[in-house]
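Chain A is the first sequence line, chain B the second, and so forth, proteins listed ahead of strands; every chain is numbered from 1. Basis for what follows: all heavy atoms, side chains included, without hydrogens, waters or symmetry-related copies.
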There are 2 protein chains.
Amino acid sequence: MSNPPPSPPAPTEAGAPPAAPAGEAAHRAAFSPLYRQIKGLILQSLDRGEWKPGEAIPSELELASRFKVSQGTVRKAIDELAADNILLRRQGKGTFVATHHEEGVRFRFMRLAPDEGDPVQSDSHFLECRRLRAPSEVARVLELRPGDAVVQIRRILSFTGVPAVVEELWLPGALFRGLTAERLAGYKGPMYGLFESEFGVRMIRADEKIRAVAASEQDAAWLGVAPGTPLLQVDRVAFTYGDRPVEMRRGLCLTTRHHYRNSLN
Amino acid sequence: MSNPPPSPPAPTEAGAPPAAPAGEAAHRAAFSPLYRQIKGLILQSLDRGEWKPGEAIPSELELASRFKVSQGTVRKAIDELAADNILLRRQGKGTFVATHHEEGVRFRFMRLAPDEGDPVQSDSHFLECRRLRAPSEVARVLELRPGDAVVQIRRILSFTGVPAVVEELWLPGALFRGLTAERLAGYKGPMYGLFESEFGVRMIRADEKIRAVAASEQDAAWLGVAPGTPLLQVDRVAFTYGDRPVEMRRGLCLTTRHHYRNSLN
DNA sequence: TAGTGGTCTAGACCACATA
DNA sequence: ATGTGGTCTAGACCACTAG
């Protein structure tokens, strides 16, 4: 850096607006450390697609000179993004934008596992994929205006040929133009991989609410069980960059040979 | 530190055995960075009770001089322990051993939340607390020898007076001598708080497997619902320092007004 | 050999809590 | 005023990857 030698430059300025202490400011305006501002700038670049999933981002040294901070500060920003599973560090190679196509990450959003044996990839059978105006609850959850278009998808997930989950999804229509049952069915790999590659929508995080419910006649038929059979109902809201909700989903899972796994830390 | 000035001391030595490259060693013996060795040493101190839950551990500078490393290295070790919720940093005050008594941490192991309103404390009604020889499955999960003593506990959890969970727990008898229904019932606060304060067993982490099942006659009676009502079955194994299993638990949850909440990152 | 991330150190200064 | 954790920098060296 080019500064008066052993005197670190004042924080609060990084090519970006945040946290400028104009005059005296009230008591203290938020205060965000430099590395967090850098994190925000990197997130913005990701959001606007400057670096695509699977690609390498610039090296730490390069980002440091771009943002006019030390490597250590960039490092700490990237540390947090890597902890959030948004970036992926590979020693000797670089830092990469995480993608839903990687092998090791395929079960991050698929918590249903067989009671014995290793987790296995599920097969999708799509029942429906249509566009319609958002029901009020869907609009509320996805933060759309009433009447905005949404895509509704219904599918059956099977493990080794046995149906185990019937699922319904809602997506904002504006983000998923041209999504059809054919495209869904023809795609190899996880659905979030398709969303990411074909529509530029990357799922970052999700909240789930889980309940036990009795199978309806129709759900029971799809799963080949008796009506009233207890099913695990998993309601998910998934978010992309900036905590914007972009998927609402309800899964009904048969848990006779599978379970939902979770770890509490 | 007292070392030849601008030449960082060789890693691999920190008052502890790990990762000593005797001669040449095969290809490469694990290799654990210094801060991870320090983390291990701190964990050992915690495990042996050198610092108790709620207490402050020595300052970073103090630990640095004790372990003969720089503050930054201790800091990184503590960073990881704080991320694991094992330590708690409080700026200006010190670093503290996490405890199950704190307000903010009371819902870390209680994932059942009311459908509307904020999470609320549950009341326990203890049905049973007795010592017996471990059934084979319990022995296997808790890594006991067949025939070792275990404590079996059964209780009902109620939210605002309404029964919502019937729960059965198994604990290693050797660690919980003198645990009785009276002591459980007389204790104010979370059960893990009692385990920690009265028996020196601190729960660090847990794995859960969740299924939907039909209520048995007995469980239905306890919960005031019809037999066959779908219940959420939550099977938990909880671990203390060193990933030693110290609790096996099965909860059956009524999810008509509550749900199990989870976040996927 | 060069480039990338990973570790370790040392020192300065900031923010917060307490006495 | 002092002590604690929190941030930032600068530089050296290690570990891994690839041309």
Side-chain angles (χ1 to χ4, degrees), chain A residues 1-14 18-19 21 25 27-39 55-65 67-83 87-97, chain B residues 1-14 18-19 21 25 27-39 55-65 67-83 87-97:
Chain A
M1 298 200 49
S2 51
N3 265 39
S7 165
T12 308
E13 60 82 43
H27 273 310
R28 192 119 280 286
F31 172 65
S32 172
L34 235 196
Y35 74 86
R36 224 173 256 290
Q37 300 176 35
I38 303 299
K39 181 184 180 184
E55 290 178 11
I57 71 171
S59 75
E60 296 179 349
L61 244 21
E62 216 169 316
L63 290 172
S65 88
F67 296 132
K68 303 271 191 291
V69 298
S70 78
Q71 185 190 15
T73 300
V74 170
R75 166 164 284 273
K76 184 143 190 186
I78 293 179
D79 277 346
E80 290 203 353
L81 291 165
L87 294 178
L88 191 72
R89 324 189 75 145
R90 274 186 263 180
Q91 184 175 95
K93 302 186 71 172
T95 300
F96 298 79
V97 183
Chain B
M1 298 205 45
S2 52
N3 265 40
S7 164
T12 310
E13 60 81 44
H27 273 314
R28 192 120 278 287
F31 174 64
S32 173
L34 234 196
Y35 73 85
R36 225 172 257 290
Q37 301 176 34
I38 303 299
K39 182 184 180 184
E55 291 179 10
I57 71 171
S59 76
E60 295 179 351
L61 244 23
E62 214 169 317
L63 290 172
S65 89
F67 295 133
K68 303 268 190 293
V69 298
S70 77
Q71 185 190 14
T73 299
V74 170
R75 166 164 284 273
K76 185 144 189 185
I78 293 179
D79 277 346
E80 290 204 353
L81 291 164
L87 294 179
L88 191 71
R89 325 188 74 144
R90 275 188 262 180
Q91 185 175 101
K93 301 187 70 174
T95 301
F96 297 78
V97 182

Indicate whether OP1 or OP2 belonging to [N] is found under 4.0 Å from a side-chain N or O atom of [X].
X	N	value
A/Arg90	C/dT4	no
A/Arg89	C/dT4	no
A/Lys93	D/dA18	yes
A/Thr95	C/dG5	yes
A/Lys76	D/dT7	yes

- Message: For D/dT2, give the paired nucleotide (Watson-Crick: N1-N3 plus N6-O4 or O6-N4; G-U: N1-O2 and O6-N3; both under 3.5 Å), or none.
- Response: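 Result: C/dA17.
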
- First encountered from the 5' end of DNA chain C, between A/Asp79 and A/Gly92: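 It is A/Gly92, whose closest nucleotide lies nearer the 5' terminus.
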
- Query: DNA chain D: A/Gln91 or A/Arg36, which has the more 5' nearest nucleotide?
  - Reply: A/Arg36

- Message: What I'd like to find out is whether the side chain of B/Thr95 reaches to under 4.5 Å of the side chain of B/Leu81, using heavy atoms alone.
- Response: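 No, their side chains stay 4.5 Å or more apart.
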
- Task: When you get a sec, tell me which of D/dG6, D/dC8, C/dC8 is the closest nucleotide to the side chain of B/Arg75?
- Result: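 From the listed options, D/dG6 comes nearest.
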
- With heavy atoms under 4.0 Å as the rule, sort B/Glu60 into base, sugar-phosphate or nothing.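 Touches sugar-phosphate only.
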
- Do A/Gln37 side-chain atoms and A/Ser32 backbone N/O form a donor-acceptor pair below 3.5 Å?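 Between the backbone of A/Ser32 and the side chain of A/Gln37 there is a qualifying donor-acceptor contact (under 3.5 Å).
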
